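Read the structure below first, then the notes.
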Amino acid sequence: MTDDNQTTARMNMIQAINSAMDVMMERDPDVVVMGEDVGFFGGVFRATAGLQAKYGKTRAFDTPITEIGIIGVAIGMGAYGLRPVPEIQFADYIYPALDQLVSEAARLRYRSAADFIAPITVRSPYGGGIFGGQTHSQSPEGIFTHVSGIKTVIPSTPYDAKGLLIAAIEDNDPTLFLEPKRIYNGPFDGHYDRPSRNWSAHPAGEVPTGYYRIPLGKAATVRSGEAVTILCYGTMVHVVANTVEEMGVDAEIIDLRTLVPLDIEAIEESVKKTGRCLIVHEATRTGGFGAELSALVQERCFYHLEAPIERVTGFDTPYPHSLEWAYFPGPVRIGTALKKILKD
Amino acid sequence: MTDDNQTTARMNMIQAINSAMDVMMERDPDVVVMGEDVGFFGGVFRATAGLQAKYGKTRAFDTPITEIGIIGVAIGMGAYGLRPVPEIQFADYIYPALDQLVSEAARLRYRSAADFIAPITVRSPYGGGIFGGQTHSQSPEGIFTHVSGIKTVIPSTPYDAKGLLIAAIEDNDPTLFLEPKRIYNGPFDGHYDRPSRNWSAHPAGEVPTGYYRIPLGKAATVRSGEAVTILCYGTMVHVVANTVEEMGVDAEIIDLRTLVPLDIEAIEESVKKTGRCLIVHEATRTGGFGAELSALVQERCFYHLEAPIERVTGFDTPYPHSLEWAYFPGPVRIGTALKKILKD
Amino acid sequence: MTGQRANLPPLSLHVPEPRFRPGDEADFSDVEVPPAGATRRPDTAAPADSFHELAYGLIRVLDESGQAVGPWAPRLDADAKRRMLRAMALTRAFDERMFRAQRQGKTSFYMKSTGEEAVSIGAAMALAGDDMCFPSYRQQGILITRGYPLVAMMNQIYSNKGDPLQGRQLPIMYSSKETGFFSISGNLATQYPQAVGWAMASAAKGDSRIAATWCGEGSTAEGDFHSACTFASVYRAPVILNIVNNQWAISSFSGFAGAEATTFAARAIGYGIAGLRVDGNDALAVYAAMDWAAERARTNQGPTLIEHFTYRAEGHSTSDDPTAYRSAGEPNAWPLGDPIRRLKDHLIAIGEWDEERHQAQDLELAETVKAAQKEAEKNGILGHGMHQPFDSMFEGVFEEMPWHLKEQSQQMLDEQKAAGL
Amino acid sequence: MTGQRANLPPLSLHVPEPRFRPGDEADFSDVEVPPAGATRRPDTAAPADSFHELAYGLIRVLDESGQAVGPWAPRLDADAKRRMLRAMALTRAFDERMFRAQRQGKTSFYMKSTGEEAVSIGAAMALAGDDMCFPSYRQQGILITRGYPLVAMMNQIYSNKGDPLQGRQLPIMYSSKETGFFSISGNLATQYPQAVGWAMASAAKGDSRIAATWCGEGSTAEGDFHSACTFASVYRAPVILNIVNNQWAISSFSGFAGAEATTFAARAIGYGIAGLRVDGNDALAVYAAMDWAAERARTNQGPTLIEHFTYRAEGHSTSDDPTAYRSAGEPNAWPLGDPIRRLKDHLIAIGEWDEERHQAQDLELAETVKAAQKEAEKNGILGHGMHQPFDSMFEGVFEEMPWHLKEQSQQMLDEQKAAGL
Ligand SMILES: Cc1ncc(C[n+]2csc(CCOP(=O)(O)OP(=O)(O)O)c2C)c(N)n1
Ligand SMILES: Cc1ncc(C[n+]2csc(CCOP(=O)(O)OP(=O)(O)O)c2C)c(N)n1
Ligand SMILES: [Mg+2]
Ligand SMILES: [Mg+2]
């Protein structure tokens with residue numbers, strides 16, 4: 001799915017996301033980007049920087065501050081034939097748009113028997129770890145994975161972010177593309193008290209400059225192993241990988257990349273091999289996507305399981321400002337769960 | 001928690017809900033009811049009938065058609081010191097209010113360190129089985145059970161509905177009170193093609209006319225049994241009970257009544273006894289509350305489980321109008337799952 | 001702090017109350033009905049803030065004697081007017097029949113547009129056929145005006161095997177891209193920002209098609225309405241925002257949407273966009289206002305918001321009985337009359353129509369509807385047999401069916417089979 | 001169909017653009033500033049539709065020579081004006097210091113209100129101390145006017161162990177019921193319907209307290225704003241709806257909220273409620289408008305919407321650099337001047353103040369703030385040590401902690417202990 005022999009460049013995740021939109025706007029005149037502060041300024045995280053200068057104000061524009069409007073207008077544009085990529089400035093601010101996303105975008109194809117579709121890709125930074133307090137840290141994916149008709153994609157590297165975002169933009173279904181903002185600039189090992197790294201040292205920071213796709217619905221095996229399967233996505237992929245390395249556990253780490261549709265084959269195969277499963281996400285625990293993963297694994301791998309499936313997740317509280325690092329599912333919590341799983 | 005020796009009367013679930021509000025408005029001048037068509041008309045399902053005539057227009061009133069406004073205004077009234085009971089006409093129309101519910105009602109106590117609270121009880125009819133099509137049939141409880149700071153209550157009988165609603169109104173936390181509209185008039189055994197019954201023949205249709213509470217967070221064991229534990233709530237309690245009876249299975253049926261906080265003790269105790277567990281709900285499957293139940297049971301009863309936990313749920317599609325009864329988790333689907341669980 | 005509180009009476013909460021309730025005699029004699037022809041018609045290039053008074057008046061064309069008068073009287077030939085009359089009468093006949101079909105248990109739900117036919121049909125006549133409509137559930141007149149087949153509408157209402165929406169939607173939630181009729185949503189006002197988005201896309205592409213949308217006066221309270229008006233104003237979108245003020249929202253009168261304080265057309269002034277208030281029972285006035293707004297949109301003058309002042313002559317839907325919450329006499333006492341009668345009177349007054357032809361047409365339309373119904377019922381009625389294969393339920397959630405839906409579909413089929421269904 | 005399409009130019013999409021971008025010289029010489037004292041002051045019992053022009057003008061009290069002129073000049077004694085000046089200067093000093101504290105890494109975030117102090121302080125002076133405020137994040141001036149302790153504010157900003165909000169909220173998201181200051185939300189405009197609800201409750205109870213709320217001009221686009229205005233209009237709620245039009249919303253100029261089409265005060269006309277447009281940099285005008293609106297509210301005349309026309313003199317927050325998206329010269333070129341300087345000049349002009357006292361006051365306030373900061377930092381600064389017990393995180397989600405939170409809390413404590421933390 002890649003143009004052959006294309007050049008690559010070092011990119012952080014923001015740059016990779018920016019490049020995905022740039023590539024798609026170049027290829028397809030129907031792709032437009034829009035949202036609060038995304039036009040001239042290029043977005044509060046700079047994800048759309050330069051796009052207005054390059055493609056003009058009717059293809060990259062600022063919007064009024066109404067998430068209802070941003071999504072509703074994007075749906076109308078999609079019905080016209082455009083391929084809008086609206087940004088919600090923080091995932092914590094997606095709730096005002098929920099009706100337009102759930103009752104409209106996700107239902108349009110079905111209710112109109114494909115007479116109308118909503119090929120929109122909603123980008124939004126999510127997750128904690130930047131001292132954003134309870135309204136700049138949330139991980140709301142579990143609300144959307146429960147909604148039929150919408151896809152949910154969460155990348156964990158610059159390379160994946162670009163390839164997945166291109167695939168999402170080309171997809172004819174509405175897609176929620178959640179960007180783990182903690183790792184915009186570099187992978188995060190979970191030790192908030194150590195120096196932060198950036199993507200330049202990471203292999204997945206080497207990104208093709210042109211067009212390529214990573215298909216939706218396919219997980220990535222970040223590390224192969226025999227002792228336990230760890231299911232994770234976004235920021236947690238790196239925290240998990242580092243914890244596993246520090247502990248010297250022979251874990252198989254699966255980065256889901258797409259939550260809906262889920263790569264159930266990869267999950268099943270791995271858990272049947274290891275017989276143990278840990279699920280890690282940052283979202284609150286009760287009713288989070290981890291619950292669905294746990295239920296699926298249990299249903300499909302029951303007779304292979306040697307220990308209870310464990311979940312390490314955000315707690316069932318708002319994301320507290322000062323106790324951010326106690327809330328964040330870091331190495332201690334992941335490590336404890338791993339020990340427990342492996343002990344049994 | 002009941003006034004002693006109080007009289008009882010035959011009530012259907014609507015009447016019981018009406019009676020709960022009546023009793024509370026009588027006891028507490030700070031209780032107000034509000035919502036689209038709830039005032040003079042008494043609600044499209046007549047749940048608030050007579051309350052305006054009895055308590056006046058400032059305590060039972062119609063509102064503009066804006067769910068944002070209904071919940072936002074109720075929160076402000078709650079902050080003032082009232083105890084509002086807003087109605088959302090159909091649960092399918094709760095999404096516009098999601099931000100006010102999630103970011104405001106559910107977070108107010110926490111973020112203000114209990115300086116302000118939102119003691120509101122949001123009533124809303126939910127669920128299918130009345131040929132309401134995809135926007136009058138949804139079961140959105142799984143969205144709210146994922147949100148920290150809000151309680152979710154779903155009654156299955158007139159008796160429970162009244163006692164739980166009174167408890168919810170008296171509760172100082174925001175509560176979502178979902179009313180299974182399919183069983184407003186009578187219990188439903190899942191056979192849509194048989195004559196419908198009404199509550200007059202059901203023991204739980206005999207309801208005290210005065211004040212009593214059923215505590216939030218306590219499940220009810222609808223049927224004791226040894227073979228399998230069935231977790232369910234709302235309409236499905238009756239469908240399950242009838243299927244179990246028809247099949248002659250010695251199932252223990254637990255009516256959860258409150259989803260958050262959950263009666264985990266009752267669940268654990270039962271599953272540890274039976275070693276098998278079926279979860280039934282009408283909401284779409286992926287990421288539904290059944291996933292959380294499955295995960296919890298698996299985590300806590302792993303070494304007692306003799307067969308995989310099964311889920312029978314609504315499919316991951318919108319609720320289709322004409323194929324309503326194929327969508328509805330009825331006796332065939334529940335029966336098949338039971339057989340599978342018991343076989344293993 | 002300062003702010004010494006004066007010795008004031010206690011605050012009190014105002015809760016609106018309609019003028020008439022069941023048992024009251026409805027008397028609208030004090031409702032001011034401005035004379036037809038009296039309202040000025042600004043140039044379509046006039047700035048929006050130069051005609052605020054139009055948001056408070058009532059554009060009327062048909063006078064008491066049936067003549068079309070004043071600057072808003074549209075240049076429409078008699079043929080066009082007869083087509084308009086016919087579409088209105090056909091819509092009413094269709095509504096009558098389908099309402100009855102619901103009462104006969106042939107489907108789950110129906111909603112009439114009785115008394116409001118001019119709003120959708122006057123509008124559809126003024127728009128180009130390829131302009132895009134984002135209607136609410138009470139603009140079936142648009143489909144009928146645009147010649148969408150009655151049988152297809154009925155198939156949808158019956159959720160039968162001819163249903164273009166495959167039985168997935170509640171009756172009357174039509175969708176027809178070909179007809180420029182957007183998929184109707186059960187959730188109020190969501191179509192408003194979508195219409196603005198469509199119009200913005202059309203403008204961004206240098207297209208010439210415009211969009212129009214409709215919602216009830218009750219629905220204007222939704223946040224979507226406001227988002228739409230804001231976007232429309234900011235980007236000067238080529239869209240016509242119609243508010244059908246039929247004075248009732250289920251059991252709630254328009255006062256609960258703000259009608260005690262001002263008109264709905266005045267919302268336009270709040271956003272700095274063009275606003276008109278039109279006699280919604282005057283098909284020619286509706287046509288003229290839409291035509292004017294369409295010209296503004298097509299010439300990049302931006303959006304127009306139009307309040308169509310009308311009256312919901314019957315219940316909200318098959319689910320309610322309006323005499324439970326309003327005076328039974330209201331529909332007849334309502335001073336703006338019946339839109340069909342008024343257009344008919346006009347055509348007769350100008351010598352282009354007569355009672356006999358009208359009666360004949362009514363008979364013919366009744367037959368047409370009856371024949372369509374017969375045809376549609378061949379495809380089945382709701383609840384009598386399965387009209388769609390069970391597994392069709394899983395199609396169209398996504399463009400390609402993912403594994404979990406395939407699995408659910410297969411499992412359902414297996415279970416049905418095992419159960420002998 | 002009819003609707004023959006004329007031979008028209010293609011549609012085009014208008015995307016607003018601010019007048020000046022980085023590199024441009026800001027020139028506001030063509031901005032019309034109406035003279036102070038020129039706007040009439042209607043009786044507080046006047047119907048809302050009798051003074052529409054006030055939504056398009058600009059109520060100004062302080063003239064160029066520093067005199068308070070015209071019908072809106074408030075009857076405030078010199079003491080009160082000096083208190084007002086002092087609160088404004090203290091707010092600015094506080095902002096400066098806390099901004100610097102963030103830059104020094106002592107906390108995660110800060111937001112100044114520089115240039116907008118009159119909006120919150122003029123308002124707070126006009127309200128009674130027990131009237132309830134539902135602010136956005138830029139009305140710290142209300143807390144300061146009402147005498148809320150600076151140390152408590154700083155403790156919140158540092159999320160330290162003195163933080164009344166127990167470290168749970170982002171800096172500046174204060175809450176103080178005692179001070180009549182509602183818990184600030186990170187989600188824009190949600191406080192608007194809440195304020196209306198509070199006011200409705202007060203009215204329903206026959207109380208005499210009113211509510212006031214604030215949001216930025218950018219935030220008016222949210223659906224909550226519309227819901228609030230609709231409810232306020234329908235129930236004639238005793239609430240004052242303030243729009244702080246500081247012309248910028250992060251990097252987006254007010255055109256993206258609709259400012260090219262009309263004023264924000266005009267939104268009031270759309271809902272049929274009273275609307276005023278005020279020079280937000282004129283503390284006496286703000287006071288007078290709030291006082292007038294409060295009297296309306298207290299006498300059951302219903303809500304007033306006030307646009308405070310001001311200018312955000314600095315960045316949106318510590319997270320942005322405004323010179324990246326607007327002309328660096330704008331803040332100084334802005335014609336309505338600095339609110340502190342203007343009130344100071346007035347007090348000097350009327351002989352109630354002088355430069356020496358002002359300078360002395362500035363020094364004193366800087367010392368006050370510094371002392372408060374020292375005091376607050378004794379309780380800790382963000383990120384340096386844990387200021388709340390870990391398990392405090394689980395408290396207050398519900399009134400009583402349910403089992404699952406107890407379990408999570410216990411597990412966390414056990415794990416921390418096992419890990420030697
Ligand atoms: C978001 C949402 N809230 C509530 C409803 C329930 N509902 C359906 S129609 C209606 C009344 C609408 O009244 P109006 O907008 O005046 O339209 P009309 O029926 O008069 O044409 C209501 C409250 C809904 N469909 N969607
Ligand atoms: C619902 C929601 N959407 C977006 C944001 C992000 N955001 C924070 S402040 C802001 C700009 C607000 O501008 P304005 O209302 O003019 O207020 P000002 O900052 O000028 O005082 C935005 C977009 C948010 N906090 N909440
Ligand atoms: Mg209506
Ligand atoms: Mg602003």
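As the structure is a computational prediction, the values presented were derived from the model and not from experiment.
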task: Could you look at C:Glu399 and say if it's the side chain, the backbone, both or neither that has a heavy atom under 4.5 Å from chain A?
output: both
field: Interchain contact, A:Lys151 with chain C, by part (heavy-atom threshold 4.5 Å)
entry: both
statement: Answer key: most heavy-atom pairs under 4.5 Å with chain C among A:Asp173, A:Thr58, A:Val260, A:Thr66 is A:Asp173
- prompt: With only heavy atoms counted, which part of C:Gln156 is less than 4.5 Å from chain A, the side chain, the backbone, both or neither?
  reply: neither
field: Nearest atoms (heavy-atom pairs only) where C:Gly197 meets A:Met77
entry: O-CG, 3.2 Å
- request: Calculate, to the nearest 0.5 Å, the distance between atoms OG and CD1 belonging to C:Ser185 and A:Ile75 respectively.
  value: 9.5 Å
Under 4.5 Å from any heavy atom of chain A - which part of C:Leu405: neither
Interchain contact, A:Asp99 with chain C, by part (heavy-atom threshold 4.5 Å): side chain
- prompt: Is there side-chain contact between A:Ile68 and C:Phe231, with heavy atoms separated by less than 4.5 Å?
  reply: no
query: By a 4.5 Å heavy-atom criterion (distance strictly below it), what part of A:Asp30 contacts chain C: side chain, backbone, both, or neither?
result: both
message: Show the nearest heavy-atom pair for residues A:Leu262 and C:Trp403, with the distance to one decimal.
response: O-NE1, 2.6 Å
- prompt: For C:Val397, is it the side chain, the backbone, both or neither that has a heavy atom under 4.5 Å from a heavy atom of chain A?
  reply: both
- prompt: Which bit of C:Met173 comes within less than 4.5 Å of chain A, counting heavy atoms only: side chain, backbone, both or neither?
  reply: neither
field: chain A contact via C:Phe181 - side chain, backbone, both or neither, heavy atoms under 4.5 Å
entry: backbone
query: Using non-hydrogen atoms only, which part of C:Phe182 is less than 4.5 Å away from chain A: side chain, backbone, both, or neither?
result: both
message: Any donor-acceptor pair under 3.5 Å linking the side-chain atoms of C:Gln191 with those of A:Glu104?
response: no
message: Need one label for A:Leu296: side chain, backbone, both or neither, based on atoms under 4.5 Å from any heavy atom in chain C.
response: side chain
- line: Interatomic distance, CD1@A:Ile117 vs NZ@C:Lys177, rounded to 0.5 Å, equals 7.0 Å
statement: Interatomic distance, CG@A:Leu82 vs NZ@C:Lys205, rounded to 0.5 Å, equals 6.0 Å
field: Part of A:Ile71 lying under 4.5 Å from any heavy atom of chain C
entry: neither
field: Value rounded to 0.5 Å, distance of OH in A:Tyr80 from CE in C:Met132
entry: 11.5 Å
message: For the CD atom on C:Glu400, are there more than 12 heavy atoms of other groups (residues, nucleotides or ligands in this structure) within a distance under 6.0 Å?
response: no
task: Check whether any side-chain heavy atom of A:Gln100 lies under 4.5 Å from a side-chain heavy atom of C:Asp224, and answer yes or no.
output: yes
task: State, yes or no, whether a side-chain contact exists between A:Pro64 and C:Tyr235 at a heavy-atom distance under 4.5 Å.
output: yes
- line: Closest non-hydrogen atoms of C:Phe398 and A:Gly149, given as atom of the first, atom of the second and distance, are CE2-C, 3.4 Å
- line: Ranked by heavy-atom pairs below 4.5 Å to chain A, first place among C:Ala228, C:Ala211, C:Ser202 goes to C:Ser202
query: Quick one: what part of A:Pro29 sits under 4.5 Å from any heavy atom of chain C, side chain, backbone, both or neither?
result: both
field: Which atoms of C:Met393 approach chain A - backbone, side chain, both or neither, heavy atom under 4.5 Å
entry: both
- prompt: Nearest 0.5 Å, what's the CZ-CD distance between A:Phe116 and C:Gln194?
  reply: 10.0 Å
query: With a 4.5 Å limit on heavy-atom distance, are the side chains of A:Asp115 and C:Ser183 in contact?
result: no
query: Do other residues, nucleotides or ligands put more than 12 heavy atoms under 6.0 Å from the CD atom of A:Glu170?
result: yes
statement: Most heavy-atom pairs under 4.5 Å with chain A, out of C:Pro164, C:Ala237, C:Ser176, belong to C:Ser176
query: How far does CE of C:Met200 sit from CE of A:Met34, to the nearest 0.5 angstrom?
result: 6.0 Å
